[in-house]
Amino acid sequence: QVRLVESGGGLVQAGGSLTLSCKASGSWFAITPMGWYRQPPGKSRELVARISTGGSANYAASVEGRFTISRDNAKNTMYLQMSSLKPEDTAVYFCNAESNGFWGQGTQVTVSS
């Protein structure tokens, strides 16, 4: 059973924007904090942003001011709006449900210089 599905990745030039989506399979989505993680080539997975059930957000220093995390509990969906993208943002982006440990399959984001 697929529980989290990411979409919206792609190839973009530096300075451009992308919005990622993470669709959850059920209403359990509303009662769990959620996070976006990324794994650059050859590196470990890292937390990008986290959002509480009430919508409070925290960001990694490297994306603060450029990325915005949000959620729509009515649609069981979380978003990551990414702007002013840099080549170092290139990674596979994953969504995670904290309370049950579910992970999505990941979506590739590639930023060209």
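Under the side-chain contact (heavy atoms from CB on, under 4.5 Å) rule, Phe94 has a single partner from Gln105, Arg45, Arg38, which is Arg45.
The ring pair (Phe, Tyr, Trp, His ring centres under 6.0 Å) contacts involving residues 2-34 comprise Trp28-Phe102, where partners must be two or more places apart or lie in separate chains. Identified under the disulfide bond (SG atoms under 2.5 Å apart) test for residues 29-59, with sequence neighbours left out: none. Residue pairs meeting the ring pair (Phe, Tyr, Trp, His ring centres under 6.0 Å) criterion with at least one member in residues 32-85, sequence neighbours excluded: Tyr37-Trp103. Within the structure, the salt bridge (charged side-chain N to carboxylate O under 4.0 Å, His left out) test picks out no pair touching residues 6-34 (sequence neighbours left out).
Remark: Arg71 engages no residue in a salt bridge (charged side-chain N to carboxylate O under 4.0 Å, His left out) (not counting sequence neighbours). Judged as a side chain to side chain donor-acceptor pair (under 3.5 Å), and not counting sequence neighbours, Ser112 has no contacts. Under the side chain to side chain donor-acceptor pair (under 3.5 Å) criterion, Asn76 pairs with no residue, sequence neighbours left out. A search for side chain to side chain donor-acceptor pair (under 3.5 Å) contacts involving Gln81 returns nothing, not counting sequence neighbours. With sequence neighbours excluded, no residue satisfies salt bridge (charged side-chain N to carboxylate O under 4.0 Å, His left out) with Glu88. Partners of Arg3 under the side chain to side chain donor-acceptor pair (under 3.5 Å) rule, at least two apart in sequence or in another chain, do not exist in this structure.
Within the model, atoms CG of Leu85 and CZ of Arg66 stand 6.5 Å from one another, a figure rounded to the nearest 0.5 Å. Rounding to the nearest 0.5 Å gives a distance of 12.0 Å between OG of Ser52 and CE of Met34. Between atom CG of residue Asn58 and atom CG of residue Leu47 there is a gap of 8.5 Å, rounded to the nearest 0.5 Å.
No hydrogens or angles considered: a donor-acceptor pair under 3.5 Å links the side chains of Gln108 and Thr110.
Grouping Ile, Leu, Val, Met, Phe, Trp and Tyr by side-chain contacts under 4.5 Å, direct or through others, leaves Ile31 on its own.
Side chain of Thr32 to main chain of Ser99: a donor-acceptor pair is present (N/O by atom type, distance under 3.5 Å, no hydrogens or angles).
When all heavy atoms of Met78 and Ile69 are compared, the pair lying nearest together is SD-CD1, 3.9 Å.
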Scan the side chains in residues 11-22 for donor-acceptor partners under 3.5 Å anywhere in the protein, sequence neighbours excluded, and list what turns up.
none

